[in-house]
There are 2 protein chains.
Amino acid sequence: MKDGDDSGNPTDENTDAGLARLLHDHQVNPTRQRLAIARCMFKHRQHLSADSVLVQVNLGDTYVSKATVYNTLKLFVEQGMLREVVIDSQRTLFDSNISDHHHILNVDTGEIRDIDPIQLAVPKLRELAPEESITSVDLVLRVSSKT
Amino acid sequence: MKDGDDSGNPTDENTDAGLARLLHDHQVNPTRQRLAIARCMFKHRQHLSADSVLVQVNLGDTYVSKATVYNTLKLFVEQGMLREVVIDSQRTLFDSNISDHHHILNVDTGEIRDIDPIQLAVPKLRELAPEESITSVDLVLRVSSKT
DNA sequence: CTCACTGCAAATCCTTTGCAGCTGC
DNA sequence: GCAGCTGCAAAGGATTTGCAGTGAG
């Protein structure tokens, strides 16, 4: 692992060289299409659907097919560069923030925001079997801004 | 499998009359197909996928098409009789337990269990805007039973 | 008889697979 | 020249839509 911070420092992630390094660090070959997708995902610090990524990427000068967008996003998730966030049955988003955190969905605006990890009283859960260990905690807080 | 009496409390939800009343209470016309689907959802296991419901229902004597299963489950959710639980991007389940609770997914066995509502430090969330109120909290705890 | 509602076949949309082309050795 | 990897067209599967059938008034 390099000492160049690859998750918090946007300066070098916005250069192609930085992105190439990021891909390399995660054992992903930096091809043209993958760089274009990475550029899209890590430039806008956002939650994007596969389809949004497709549109965004193809605004640029590198054509990427729908299938490649899906396969690449999936690959990035497997390699720990992205996190897949299932908001509801209609929406699966990809989150460039892989640190431990949760999400707020405003059901009126559709906006999604990050929230800090919540301290759950998890160890006290009697529903957890003794041999079971927690792998991840997926939490979506649905809020309304209607009065 | 025998289904004459349910081991615990013989509520009237297990009779067709009870189911019809339940549907009626939620402004849903108790048609043959809807009753068959309700019977399946409220008598059998708690968490079922749309496809499982299709299979279960068609073991009985009322044929119901795939589309009707989907439409009916969606209707039940809209009318507050069922809750839709998105486990991950591959799995959407319908839960006949509509009380406030969360879910544990054992990633090794695929088993899903209910857990009691967790006391979240939600009021303290600074990420919540003043005018926003919490609609629901969707929490899936992913656990592994590997040692 | 008419109208509104119901249920389903077909269409649609999202995602994955299988393979042709390319790259480096 | 060959082996393995990439990217995409086409296939596959889940969900929704539009309309024919049905029953109540």
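Quick note on labels: first sequence line is chain A, next is B, and so on, each numbered from 1.
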Next item on the list: Not counting sequence neighbours, which residues clear salt bridge (Lys or Arg N to Asp or Glu O under 4.0 Å) with D51(A)? List them please.
Entry: none

Next item on the list: For each nucleotide in nucleotides 2-18 of chain C, reading 5' to 3', give B when a protein heavy atom comes within less than 4.0 Å of its base, S when such contact involves only the sugar-phosphate, and - otherwise.
Entry: ----SSBB----SBBB-

Next item on the list: Give a yes or no answer on whether the side chain of H26(B) reaches the backbone of Q79(B) with a donor-acceptor pair at less than 3.5 Å.
Entry: yes

Next item on the list: Just grab all the ring pair (Phe, Tyr, Trp, His ring centres under 6.0 Å) pairs involving residues 73-101 of chain B, residues at least two apart or on different chains.
Entry: H101(B)-H103(B)

Checklist line | Protein-to-nucleotide contact annotation, 5' to 3' order, nucleotides 19-25 of chain D [B base; S sugar-phosphate only; - none; under 4.0 Å, heavy atom] | finding: -------

Margin query: By the side chain to side chain donor-acceptor pair (under 3.5 Å) test, which pairs, at least two apart or in different chains, include something from residues 52-66 of chain A?
Written below: S49(A)-S52(A), S65(A)-T68(A)

Check: Could you give all pairs that pass the salt bridge (Lys or Arg N to Asp or Glu O under 4.0 Å) test and reach residues 69-78 of chain A, with sequence neighbours left out?
Finding: none

Notebook entry, point to check: Once you round it to whole Å, what is the distance between C1' of dG7(D) and CG of L75(A)?
Noted result: 12 Å

Check: So what's the dot-bracket for DNA chain D: Watson-Crick or G-U pairs under 3.5 Å, [ ] if a pair crosses, | if it pairs off-strand?
Finding: |||||||||||||||||||||||||

Checklist line | Polar side chain donor-acceptor pair, H47(B) to D114(B), under 3.5 angstrom | finding: yes

Next item on the list: Go through the structure and list residues passing salt bridge (Lys or Arg N to Asp or Glu O under 4.0 Å) with D95(A), not counting sequence neighbours.
Entry: none

Checklist line | Non-hydrogen side-chain atoms of S96(B) and L82(B) separated by less than 4.5 Å | finding: yes

Item checked: Test side chain to side chain donor-acceptor pair (under 3.5 Å) applied to E111(A) - qualifying residues, sequence neighbours left out -> R113(A)

Would you tabulate the side-chain donor-acceptor contacts of residues 28-36 of chain B under 3.5 Å, counting partners in other chains and residues two or more places apart, or write 'none'?
unit_1	atom_1	unit_2	atom_2	d
T31(B)	OG1	R34(B)	N	3.3
R34(B)	NH1	N29(B)	O	3.3

Item checked: Closest approach of C40(A) to L48(A) (non-hydrogen atoms, all atoms of both residues) -> SG-CD1, 3.8 Å

Next item on the list: Applying salt bridge (Lys or Arg N to Asp or Glu O under 4.0 Å), name anything that partners D108(A), two or more places apart in sequence or on another chain.
Entry: K146(A)

Note to self: What residues from residues 76-87 of chain A pass a heavy-atom cutoff of under 4.0 Å to DNA chain D?
What the structure shows: none

